[in-house]
Asks: 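Below is a structure I'd like to ask you about.
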Amino acid sequence: MWTEDQLTDDLDRIGLGAGDSVLLHTSLRRVGRMQSGPETLLNAIREVLGTEGTLLVPTFTFAHSDPAGWHNPPKTLEALVLARESIPLFNPDTSPTHTEWIGYFPEFVRKQPGAFRSSHPIVSFAALGKNAEFLTRNAPFHFPLGENSPLARLHQIDGKILLLGVSHKSNSSLHLAEFWADVPYINRSATLKTTPDTWSVMKGSPECSEGFVKIEPLAIQSRLVKRGVVGDAPSQLMSQRQLVSLGISLLQGDSAGLLCDIPECKWCVPARKMLALSQGAISAELDLE
Ligand SMILES: [Zn+2]
């Protein structure tokens, strides 16, 4: 059973330090049993970050998007209409994190006194500490993981990323790399419920991240990650700026480089088509010259 002191030592050893602003992606199950559950981990992180530090976590809420675009959409039109009606509006104070995909720890963080949460209906973040308000305020509705997003703000203040028992598949900052690399598929859109009677089209929908694991060998090769163990969880700490730069270079070499290879992927298959179309348009332009 891990204690706060033991986890503090582990976090220290991996390189997290006082005054850091850190985006944490975590699997509590991988960390193992802790003396007071998630509170032990949170206390350890706060102890290491100190009063000048900031903890940022994803509190995504995919349930506020149009059920027609879900991974398992309702099968009949009738079921779709009912599902659309039953979707609540996003409320940053109360809407629960999609813990099944994101894990329970962010939900625990967002409920802490003094926590700030950004207002995007599907990809919000919660933060605690010195830069919490800066990171979460005025989050953009369109391209929600692009310019001015909590991810871009973390980049602005040179934050770090800590993967605690999870792989790069959870490393959402690679969506910022996709945005800055301007890959054609960032122009996908999604429909979100924004008032009881309104569905709004959001431009720049961040989608599948299964392919993000492809950054792993490059990240190791470029010595970008510091590896360690926190509790029982194999963990990786990195500079978000270095990770995003690496993601951009990868995409500049191969714009499909962060898409997954699952043959039936609902998101990456159309993304590849968008890439092929844009490449076709470029060759057509070259032919005219
Ligand atoms: Zn995919």
Side-chain angles (χ1 to χ4, degrees), residues 23 25-27 30 58-75 80 83 97-103 106 120-125 142-146 149-152 161 163 165-192 201-220 225 236 238 240 243-280:
L23 169 57
H25 301 283
T26 182
S27 159
R30 297 297 300 275
T59 51
F60 299 171
T61 45
F62 303 110
H64 301 272
S65 62
D66 187 352
W70 288 357
H71 192 58
N72 291 311
K75 303 253 181 315
L80 180 64
T97 309
H98 192 126
T99 51
E100 193 188 320
W101 282 15
I102 305 296
H120 196 276
I122 59 168
V123 282
S124 63
F125 289 80
H142 298 293
F143 297 97
L145 299 182
S149 66
L151 293 180
I161 300 166
L163 303 178
V166 295
S167 73
H168 286 282
K169 198 172 99 174
S170 305
N171 208 343
S172 332
S173 296
L174 289 170
H175 284 302
L176 183 61
E178 292 176 323
F179 177 79
W180 277 335
D182 200 19
V183 284
Y185 64 80
I186 57 164
N187 293 304
R188 291 172 295 189
S189 57
T191 309
L192 313 183
V201 174
M202 168 191 69
K203 289 184 278 185
S205 176
E207 297 180 351
C208 182
S209 62
E210 296 283 333
F212 287 4
V213 288
K214 294 178 183 175
I215 201 91
E216 174 112 29
L218 293 172
I220 293 170
V225 295
Q236 309 184 53
M238 67 209 79
Q240 191 217 28
L243 185 267
V244 170
S245 297
L246 187 67
I248 292 172
S249 335
L250 184 154
L251 291 168
Q252 282 167 343
D254 172 12
S255 47
L258 289 174
L259 297 176
C260 82
D261 300 315
I262 301 168
E264 68 279 15
C265 179
K266 196 175 161 159
W267 296 285
C268 298
V269 171
R272 281 180 207 279
K273 281 188 188 146
M274 289 175 87
L275 292 177
L277 276 174
S278 77
Q279 273 150 10

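This structure is a prediction, so every number in the text was calculated from the model and none was measured. Numbering starts at 1 and runs along the sequence shown. Ligands are counted one by one from 1 in listed order, and the atoms in each one are counted from 1 as well.
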Asks: If the plane angle is over 60° it's perpendicular, under 30° parallel, otherwise tilted; pick one for F125 and F60.
Replies: perpendicular

Asks: Under 2.8 Å from the Zn ion (ligand 1), which protein atoms of type N, O or S occur, listed by chain and number?
Replies: C208 SG, C260 SG, C265 SG, C268 SG

Asks: Measure the CG-CG distance between L258 and L251 for me, rounded to the nearest 0.5 Å.
Replies: 4.5 Å

Asks: Any donor-acceptor pair under 3.5 Å linking the side chain of H142 with the backbone of K203?
Replies: yes

Asks: Can you give me the closest heavy-atom contact between A152 and G146, atom names plus distance?
Replies: CB-O, 3.4 Å

Asks: What distance do I215 atom CD1 and S167 atom OG have between them, rounded to the nearest 0.5 Å?
Replies: 12.5 Å

Asks: With side-chain contact (heavy atoms from CB on, under 4.5 Å) as the test, pick out the partner of I161 among N171, L174, V244, V225.
Replies: N171

